[in-house]
Amino acid sequence: QHDARHPARQHALSLAAVALAAAGAAFSFSASGRAGGPTTQIDWTGEARTGIASFYADFFSGRKMADGTRMDPAKNNAASLTLPLGTVAKVTNLETGRSTIVTIRDRGPYVHGRIVDLSPSSARKIGLSRDDGLARVKVAPIALPLPDGRVKAGEGLVEALNSEGR
């Protein structure tokens with residue numbers, strides 16, 4: 001229900017609408033949901049995960065990502081082996097508490113224990129420097145594009161709505 005007395009809730013709903021629109025736009029690249037290898041399973045649950053984030057290496061700049069777009073270090077791109085391409089997710093550095101919104105456009109990281117590669121722009125926003133290279137993070141999907149064209153709300157959207165509505 002619409003309630004003008006709750007601007008924080010309206011802000012959260014606006015954020016959700018933008019995330020869903022972005023996921024829908026990115027979905028045209030990701031209908032297959034293919035992952036990086038034969039043993040990798042796509043995670044359609046929308047549940048948040050914690051693990052290690054890494055910084056995209058410079059040599060990936062300008063190269064094609066799994067969704068067909070070129071890696072732009074200034075954009076909020078990220079890579080995941082398990083989240084569907086086109087997923088919009090909130091990534092939070094558990095040490096600094098800083099977070100950013102990314103779109104999963106590529107596959108990786110291919111190093112055991114790592115759950116997400118972040119573009120330099122996204123990494124800086126959460127306080128991860130090239131010198132640090134790694135950070136413990138929480139990845140909370142906001143919107144996941146499904147194979148049938150629908151978009152599923154993830155745990156990150158639920159968290160945003162709950163925290164904004166307080």
Side-chain angles (χ1 to χ4, degrees), residues 12-57 60-94 98-123 125-126 128 134-163:
L13 292 172
S14 296
L15 174 66
V18 168
L20 291 170
F27 182 70
S28 62
F29 298 111
S30 61
S32 69
R34 287 180 293 137
T39 60
T40 303
Q41 293 290 324
I42 298 299
D43 180 0
W44 302 101
T45 67
E47 294 175 1
R49 304 279 186 237
T50 58
I52 303 298
S54 48
F55 203 103
Y56 251 114
F60 286 110
S61 181
R63 292 191 180 189
K64 273 192 177 181
M65 294 184 287
D67 72 353
T69 62
R70 300 226 176 249
M71 208 299 252
D72 181 346
K75 292 191 176 177
N76 288 335
N77 302 316
S80 169
L81 286 175
T82 58
L83 289 172
L85 295 177
T87 295
V88 176
K90 179 179 178 182
V91 178
T92 304
N93 182 328
L94 296 176
R98 293 168 59 185
S99 62
T100 190
I101 305 295
V102 300
T103 301
I104 304 299
R105 298 195 175 279
D106 204 4
R107 292 294 175 217
Y110 293 100
V111 178
H112 181 71
R114 296 187 192 173
I115 63 170
V116 68
D117 269 337
L118 298 173
S119 68
S121 174
S122 298
K125 289 176 183 176
I126 67 166
L128 173 59
L134 303 173
R136 186 147 177 80
V137 297
K138 176 180 178 182
V139 178
I142 294 172
L144 297 93
L146 299 175
D148 65 4
R150 292 178 300 131
V151 177
K152 177 180 179 177
E155 193 172 309
L157 177 59
V158 174
E159 288 176 7
L161 291 172
N162 287 338
S163 67

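With values rounded to the nearest 0.5 angstrom, I52 atom CD1 is found 12.5 Å from D117 atom CG. Within the model, atoms OG1 of T103 and CG of L83 stand 11.5 Å from one another, a figure rounded to the nearest 0.5 Å. Between the CG atom in L146 and the CD1 atom in I42 there is a gap of 12.0 Å [rounded to 0.5 Å]. The distance from the OG atom of S61 to the CG atom of D72 is 7.0 Å, given to the nearest 0.5 Å. Atom CD of E47 sits about 10.5 Å away from atom CG of L144, to the nearest 0.5 Å.
The nearest pair of heavy atoms linking G46 to D43 is N-OD1, 4.3 Å. M71 approaches P120 most closely through the heavy-atom pair CE-CD, 4.1 Å. The two residues P141 and T87 have their closest heavy-atom pair at CB-CG2, 4.1 Å. In this structure, M65 and R105 approach most closely via the heavy-atom pair CB-O, 3.4 Å. Closest non-hydrogen pair, V91 versus V139, comes out as CG2-CG2, 4.3 Å. A pairwise comparison of heavy atoms in Y56 and A79 identifies OH-CB, 3.4 Å as the closest pair.
The side-chain contact (heavy atoms from CB on, under 4.5 Å) test applied to T100 returns N76, V102, S122, K125, I126, not counting sequence neighbours.
Judged by distance alone, the side chain of R49 and the main-chain N or O of A140 form no donor-acceptor pair under 3.5 Å. Distance alone, capped at 3.5 Å, is enough to place a donor-acceptor pair between the K152 side chain and the W44 backbone. Using modelled atom types, one side-chain atom of S119 and one backbone atom of K75 make a donor-acceptor pair closer than 3.5 Å.
Screening T92, L94, I115, N93 for a side chain to side chain contact (heavy atoms under 4.5 Å, CB included) with R136, the sole residue that qualifies is L94.
Looking at heavy atoms from C-beta onward, R107 lies in side-chain contact with L85 at the 4.5 angstrom threshold.
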